[in-house]
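Here's the structure, in structure tokens; my notes come after.
Worth saying up front: this structure is predicted, and the values here are computed from it rather than measured.
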Amino acid sequence: MLQAFFHAWERRLASVTTDRVVRPFEWGLDWIPKNPHAPDEFEAPGGAGETAAADVLRDWVSQVMDDTDAFFHAPPTTDYRLEPAADGSGNLTFPSALATPHPDNNIVRCRYFPARDRRAGAGPREYKTRAAVLVMPQWNADPGGHVGLCRLLAWNGMSALRLSLPYHDQRMPPELHRADYIVSANVARTVQVCRQAVLDARRAIAWLASQGYDRIGILGTSLGSCLALLTTAHEPLIRAQALNHISPQFADVVWRGLSTRHVREGLEGHIELELLRALWRPISPRWYLERLRDRKTLLVYARYDLTFPVDLSEDLVRAFREQHVPHELAVLGCGHYSTGKTPFKFVDGWILTRFLKNALLVSGS
């Protein structure tokens, strides 16, 4: 009865969004370095053109997986600008390490919530701990998404830096009204824009370190959870990660999830799941677990999730266990969309905050 109730609720919540667009399938070869030995024509419908395009992407992915440190390397920058906001937060901007064809998307935008000293008589001074958390919201989060969670983290002594994902908020070009370019039926673009999010996260963490924070954690939800794990796997400054809604494979969530049916509709008939899974390996958490052994990890999934199907979440938990990667686990008694509804949003926020506080403050040295 509970499953039927939550599944019906999830479908109702998902149906509120009526502006999803089915975009055409593309291999996205213009988003990868040109192979001088490849044929000039790739996008011919069916036949040899499709095979050649798939082979080019296979070769590129193979090279990426041979050296993911290079793929996710973010050259340092000093071009950070922090402007105070009236509510006590700050607006941080800096250039993205990956330039896309859309100038608006190439400026990274973050909101900074410094922790405050809550001791009696301390006034509005910043809290004297050196703990901070980078927050990566879900796909299509609006500008207010996760702001309440950031304030909760700051209230608990951890400064929070909320990163707007690529093609979200002010980074969205005029032709979009949803963040379609980060998860789409364009195969290579999806990889590269998710890569951009990781590079942006690494530069944001570098800024936190430059401000004196040396106990740094990361929190990601849904798509942000996947990107947070990729960041942790390649960023040594991160001590702890809280992953909110999880899956081992990027492709399987897109293929089976409630929120991405329109993306699958663009993919179907052009590419099989097995090939898509292979081409999206660089952005799939399953391949990076060995890199997480020295980090503190919290895995959270929802028992009645239709967007990140529960068996996929359980697969990732099983992989952590089988590879003996240290982790903590929390299972929410709700679904994906209903995680954001009362009372579940408060339970989730408490679980995430408690873990990060223990990891960065209580047990930090």
Side-chain angles (χ1 to χ4, degrees), residues 10-11 13-32 41-61 64 98 100-102 104-105 138-141 165-168 171-197 222-227 230 245 247-285 305-309 312 336-337:
E10 289 290 299
R11 291 188 177 97
L13 292 171
S15 68
V16 170
T17 301
T18 59
D19 59 351
R20 295 184 178 96
V21 176
V22 178
R23 298 190 181 274
F25 174 80
E26 296 177 89
W27 292 105
L29 297 180
D30 53 327
W31 282 79
I32 69 171
E41 184 60 52
F42 298 104
E43 301 293 347
E50 295 274 344
T51 302
D55 288 343
V56 169
L57 281 186
R58 282 184 189 273
D59 290 345
W60 176 65
V61 167
V64 167
L98 192 153
T100 68
H102 306 95
D104 290 341
N105 181 53
Q138 75 274 17
W139 186 33
N140 285 300
L165 299 182
Y167 293 104
H168 286 67
R171 303 181 66 176
M172 188 178 293
E175 70 264 25
L176 293 182
H177 52 89
R178 288 175 53 83
D180 286 353
Y181 291 170
I182 194 170
V183 180
S184 74
N186 185 312
V187 178
R189 181 178 65 196
T190 297
V191 175
Q192 290 285 43
V193 179
C194 287
R195 174 196 181 195
Q196 183 184 32
S222 196
L223 172 61
S225 168
C226 170
L227 301 173
L230 300 181
H245 302 306
S247 171
Q249 299 284 357
F250 197 101
D252 291 72
V253 170
V254 171
W255 201 262
R256 296 174 51 196
L258 177 65
S259 303
T260 48
R261 288 178 298 181
H262 62 297
V263 180
R264 176 174 175 173
E265 190 173 341
L267 293 165
E268 279 191 304
H270 301 280
I271 190 170
E272 298 297 325
L273 175 57
E274 183 179 0
L275 176 56
L276 186 64
R277 193 183 286 141
L279 297 181
W280 280 352
R281 274 191 303 157
I283 54 174
S284 293
D305 200 332
L306 295 177
T307 295
F308 275 46
L312 295 179
H336 199 91
Y337 284 90

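- For the pair H336 and L258, the minimum side-chain heavy-atom distance is 4.5 Å or more.
- Of all the heavy atoms in P101 and Y167, the pair that sits closest is CD-OH, 4.5 Å.
- Between F308 and S225 the shortest side-chain heavy-atom distance does not fall below 4.5 Å.
- With contacts defined as side-chain heavy-atom distances shorter than 4.5 Å, the pair W31/V187 does not qualify.
- Among T190, L227, V183, the single residue meeting the side chain to side chain contact (heavy atoms under 4.5 Å, CB included) criterion with I283 is T190.
- A heavy-atom distance below 4.5 Å is found between the side chains of L279 and I271.
- A 4.5 Å side-chain heavy-atom check between R171 and Q196 finds at least one atom pair inside the cut-off.
- Residues P248 and P285 form no side-chain contact, since every pair of their non-hydrogen atoms from C-beta on lies 4.5 Å or further apart.
- At least one side-chain heavy atom of L57 sits less than 4.5 Å from a side-chain heavy atom of W60.
- Minimum interatomic distance between E175 and Y181 (heavy atoms only, all atoms of both residues): OE2-OH, 3.5 Å.
- Within the 4.5 Å cutoff, the side chain of L223 has heavy atoms near those of the F250 side chain.
- Distance alone, capped at 3.5 Å, places no donor-acceptor pair between the N140 side chain and the R178 backbone.
- Although no hydrogens or angles enter the test, the distance criterion places no donor-acceptor pair under 3.5 Å between the side chain of T307 and the main chain of G257.
- For S247 (side chain) and Q249 (main-chain N/O), a donor-acceptor pair under 3.5 Å exists by modelled atom type.
- E268 CD: more than 12 foreign heavy atoms inside a 6.0 Å radius.
- For the pair R189 and W27, the cation does not sit on the ring face, since its NZ or CZ is not both under 6.0 Å from the ring centre and inside 45° of the axis.
- Considering every non-hydrogen atom in both H168 and A179, the closest pair reads CE1-CB, 3.2 Å.
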